Amino acid sequence: MIPGGEEQLNKLISAVADGHADCLDGIYEIAGGRMFAVAASVAGKDYAEDILHDSFIKIARFAGKYKMGTNAYAWLTKIVRNTALDFIRSNKVHKEVSAEEFYSLSSSDYSPEKRENAIMLETAIAKLDPDEKQVIYYRYYLDMSVRDIAKQLKCGKSTAQRLAERAERKLKNFLDGGTNER
């Protein structure tokens with residue numbers, strides 16, 4: 001993170017809201033890397049540039065609705081995340097998720113307890129079947145409804161619901177230290 005980046009972003013977003021579109025370059029310089037990472041994590045690297053482009057159009061359009069003094073990084077990444085989700089839904093993108101790239105939960109910035117919990121969750125997710133990982137990814141990382149998950153998986157809504165419930169039960173069982181994986 002750039003020192004003073006939050007304050008700079010607030011000023012730049014305010015300037016964009018006042019019609020200074022050239023300030024979008026400054027936003028990109030400060031937060032572009034983080035924004036690209038969000039787009040790539042949601043929809044994949046192949047689509048991240050397009051999503052970032054669409055996100056900057058939305059930033060320019062909605063900069064006037066930004067509340068000065070709030071978390072600019074969070075506002076920007078929320079726009080990118082929502083744009084990526086819209087992109088996935090409208091283009092029927094089906095991103096395959098491997099256990100290695102699924103969630104980057106354990107950060108060195110976390111407290112030891114939070115880091116330990118994140119590592120336990122990563123370990124539990126790695127034990128799920130590929131379809132179960134996919135449904136957990138869609139449900140909790142992309143915040144998709146069961147109906148949207150069913151469309152992505154090309155199955156019925158009840159099938160997607162059962163798959164989600166089975167994956168959730170397995171995760172709960174793994175995290176509770178159980179050995180019964182049914």
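As a basis for the values below, the full set of heavy atoms in this structure was taken, side chains included, without hydrogen atoms, waters or symmetry mates. Predicted, not measured: the structure shown is a model, and the values here were computed from it.
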Asker: If you look at every heavy atom in Leu128 and Ala167, which pair is closest and at what distance?
Answerer: CD2-O, 4.0 Å
Asker: Side chains of Ile27 and Cys23, heavy atoms from C-beta outward: is any pair under 4.5 Å?
Answerer: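 With C-beta onward as the side chain, the pair stays apart.
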Asker: If two hydrophobic side chains count as joined below 4.5 Å and joins carry through other members, does Ile51 share a cluster with Tyr73?
Answerer: yes
Asker: So for atom CD, which belongs to Glu165, do other residues, nucleotides or ligands contribute more than 12 heavy atoms lying within a distance under 6.0 Å?
Answerer: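 Count over threshold, so yes.
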Asker: A side-chain contact here means heavy atoms from C-beta on lying under 4.5 Å apart; do Ile136 and Lys170 qualify?
Answerer: no
Asker: Quick one: closest heavy-atom pair of Lys133 and Ile125, and the distance?
Answerer: CE-O, 3.2 Å
Asker: Run the side chain to side chain contact (heavy atoms under 4.5 Å, CB included) test on Lys78 and Asn82 for me, step by step, so that the C-alpha distance in whole Å, both residues' side-chain angles and the decisive distance to 0.1 Å come before the verdict.
Answerer: CA-CA 6 Å; Lys78 185 173 183 174; Asn82 289 341; 3.7 Å; yes
Asker: Measure the shortest side-chain to side-chain distance between Asp131 and Val135 over non-hydrogen atoms and say whether it is less than 4.5 angstrom.
Answerer: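 In short, these two side chains do not touch, never coming nearer than 4.5 Å.
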Asker: Can you name the closest pair of heavy atoms from Ala60 and Val16 and give their distance?
Answerer: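 Closest approach of Ala60 to Val16, heavy atoms only: CA-CG1, 3.8 Å.
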Asker: Write down the atom of Arg166, the atom of Leu163, and the distance for their closest heavy-atom approach.
Answerer: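 Distance-wise, the nearest heavy atoms are NH2-CD1, 2.9 Å.
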Asker: How long is the gap from CG on Leu9 to OG on Ser14, to the nearest 0.5 Å?
Answerer: 12.0 Å
Asker: Between Thr159 and Leu153, is any pair of side-chain heavy atoms under 4.5 Å apart?
Answerer: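 Sidechains of Leu153 and Thr159: no contact.
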Asker: Within this structure, what is the NZ-NZ distance for the pair Lys151 and Lys157, rounded to the nearest 0.5 Å?
Answerer: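 It is 10.5 Å, given to the nearest 0.5 Å.
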Asker: Distance from Leu24 atom CG to Ile59 atom CD1, nearest 0.5 Å?
Answerer: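 Those atoms lie 7.0 Å apart.
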Asker: Please round to the nearest 0.5 Å and tell me the distance separating atom NZ of Lys127 and atom CG of Leu175.
Answerer: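 If we round to the nearest 0.5 Å, Lys127:NZ and Leu175:CG are 9.0 Å apart.
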Asker: Please round to the nearest 0.5 Å and tell me the distance separating atom CD1 of Ile30 and atom CG of Asp25.
Answerer: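 Going from CD1 on Ile30 over to CG on Asp25, the span is 11.5 Å.
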Asker: Just wondering, do Phe36 and Val80 contact through their side chains at under 4.5 Å, heavy atoms?
Answerer: no
Asker: In chain order, what residues pass the ring-ring contact (aromatic ring centres under 6.0 Å, His included) check against Tyr66, with sequence neighbours excluded?
Answerer: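 Tyr66 satisfies ring-ring contact (aromatic ring centres under 6.0 Å, His included) with Trp75 once adjacent residues are dropped.
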Asker: Salt bridge between Glu7 and Lys11, side-chain N to carboxylate O under 4.0 Å?
Answerer: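 So Glu7 pairs with Lys11 through a salt bridge.
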Asker: Just verifying a value: how many Å separate Gln134 CD and Gln152 CD, rounded to the nearest 0.5 Å?
Answerer: 8.5 Å
Asker: Between Asn10 (side chain only) and Met68 (backbone N and O only), is there a donor and an acceptor less than 3.5 Å apart?
Answerer: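 Checking the backbone N and O of Met68 against the side chain of Asn10, no donor-acceptor pair under 3.5 Å is found.
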Asker: Between Leu52 and Ile57, is there a shared hydrophobic cluster once you connect ILVMFWY residues whose side-chain heavy atoms come closer than 4.5 Å?
Answerer: no
Asker: If you look at every heavy atom in Lys58 and Asp86, which pair is closest and at what distance?
Answerer: NZ-OD2, 3.5 Å
Asker: So Glu132 and Leu171, do their side chains get closer than 4.5 Å, heavy atoms only?
Answerer: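 No, every pair of side-chain atoms sits at 4.5 Å or beyond.
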Asker: Counting C-beta onward and ignoring hydrogens, is there a side-chain heavy-atom pair between Glu29 and Leu12 closer than 4.5 Å?
Answerer: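 They are not in contact (no side-chain heavy atoms under 4.5 Å apart), so the answer is no.
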